[in-house]
Number of protein chains: 2
Amino acid sequence: MDAACFLNAADRHCQQQGAKLTSLRRQVLELVLGYDGVVKAYQVLADLQRQRGIAAPPTVYRALDFLVASGLLHKVDALNGYIVCRHVGCNHEGLILVCSQCGRVQELDATPMLALLREQAGGEGFAIAPQNLLLTGHCQGCQA
Amino acid sequence: MDAACFLNAADRHCQQQGAKLTSLRRQVLELVLGYDGVVKAYQVLADLQRQRGIAAPPTVYRALDFLVASGLLHKVDALNGYIVCRHVGCNHEGLILVCSQCGRVQELDATPMLALLREQAGGEGFAIAPQNLLLTGHCQGCQA
DNA sequence: AAACGTTCTGTTATACCGTAACATTCTTGG
DNA sequence: CCAAGAATGTTACGGTATAACAGAACGTTT
């Protein structure tokens, strides 16, 4: 799915949910789409400054927060970054593999794994919420 | 297991591995043990400054890094924090369950789970690094 | 249209998180 | 003792994130 197509899907997705994909938020999403893999907030900020002349951290953080809340992006805590969600609209839980060297992202289906985890956690009285599973490691290209 | 007992276990654990649990590292571990759940590096730093008069960030970060590398603590990326490992000695990867309501933390062994994940990811040419799995949900007490 | 509340965005300032780089001290084996 | 490596002290900085308030845009009601 290319960027233009994704943006259309994002428009539809937000409209369905009554969320407003404003021009700023759309611009930020577009900037994130321009990268391959994990993006840092301050990278986006720098891009935004190049395009708008001036922008401050809260501007980009607010847009990113919105996009995460809408399910269009995922936050990658371990790397202080963000990635595009490639499963917008469907209810699958993803297994997201992030290469800690090159930042590239790969997604598998984590549904069976999360079912097992849910079972294990449930045995301890803990109900895990729907979520994606984020793991870091090295992709094929980055293994020496 | 109380703090004193844990410290003894930590001494033995490090001795077995040829790692040196110096007095500074032990002091940091003790400070972390004084908290219930997730601790931030700068909390520990503040405590250390109270006890020693002066200390700088690298001092506490180095000690925390050592304790994580030794398996005595886990780093919780999503929360920029650290927790005591409750399974010292069994050389495992943790499954850390964080209750999004009350903030309490519970730890299970994720080793078998990660073995499966490693196999699945390996099939795609991706090598998963050693790490903990952090999942959010609701603990027993917080399920209405 | 005018008045209003709500949501979004701009702006300034600051707090928090983490590490690089180098100096110094402390072990430990020869 | 002495050299080598490990651990700690110290300074300084860069990256990450948010608080707090001001202003603008938008829809709704009157």
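Proteins come first, then strands; the chains are lettered A, B, ... in the order of their sequence lines, and each starts at number 1.
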Calculate the interatomic distance between A:I54 atom CD1 and C:dT9 atom P; express it in whole Å.
-> 16 Å
Can you tell me how far C1' of D:dG14 sits from CG of A:L45, to the nearest Å?
-> 15 Å
Here the distance between atom P of C:dT9 and atom CG of A:L48, to the nearest Å, is 11 Å
Output yes when B:D36 and B:R104 qualify as a salt bridge under the 4.0 Å nitrogen-oxygen rule, no when they do not.
-> no
Does B:Q51 CD have over 12 foreign heavy atoms under 6.0 Å away?
-> yes
D:dG9 P sits how many Å from B:R25 CZ, rounded?
-> 11 Å
Return the value, rounded to whole Å, for the distance between atom CG of A:L67 and atom P of C:dT9.
-> 10 Å
Tell me: CD of A:Q27 to P of C:dT9, nearest whole Å?
-> 11 Å
Atom pair distance, as rounded to whole Å: CZ in A:F66 and C1' in C:dT7 | 12 Å
Could you run through nucleotides 17-24 of chain C and give me one letter per nucleotide, 5' to 3': B if any protein heavy atom sits under 4.0 Å from the base, S if only the sugar-phosphate is that close, - if neither?
-> BBBBB---
Does the pair B:R62/B:D65 count as a salt bridge with the N-to-O cut at 4.0 Å?
-> no
Would you check if there is a donor-acceptor pair between the side chains of B:R86 and B:Q106 at a distance under 3.5 Å?
-> no
With DNA chain D as reference, determine whether B:T22 or A:K20 sits nearer its 5' end, using the nearest nucleotide of each.
-> B:T22
Respond yes when some side-chain nitrogen or oxygen of A:T59 is under 4.0 Å from OP1 or OP2 of C:dT11, and no when none is.
-> no
Whole-Å distance, B:Q49 CD to D:dT10 C1', equals 13 Å
For A:Y42 and A:N80, does a side-chain donor sit closer than 3.5 Å to a side-chain acceptor?
-> no
Pairs involving residues 112-122 of chain A, ordered by first then second residue, that meet salt bridge (Lys or Arg N to Asp or Glu O under 4.0 Å) (sequence neighbours left out) = A:E93-A:R118
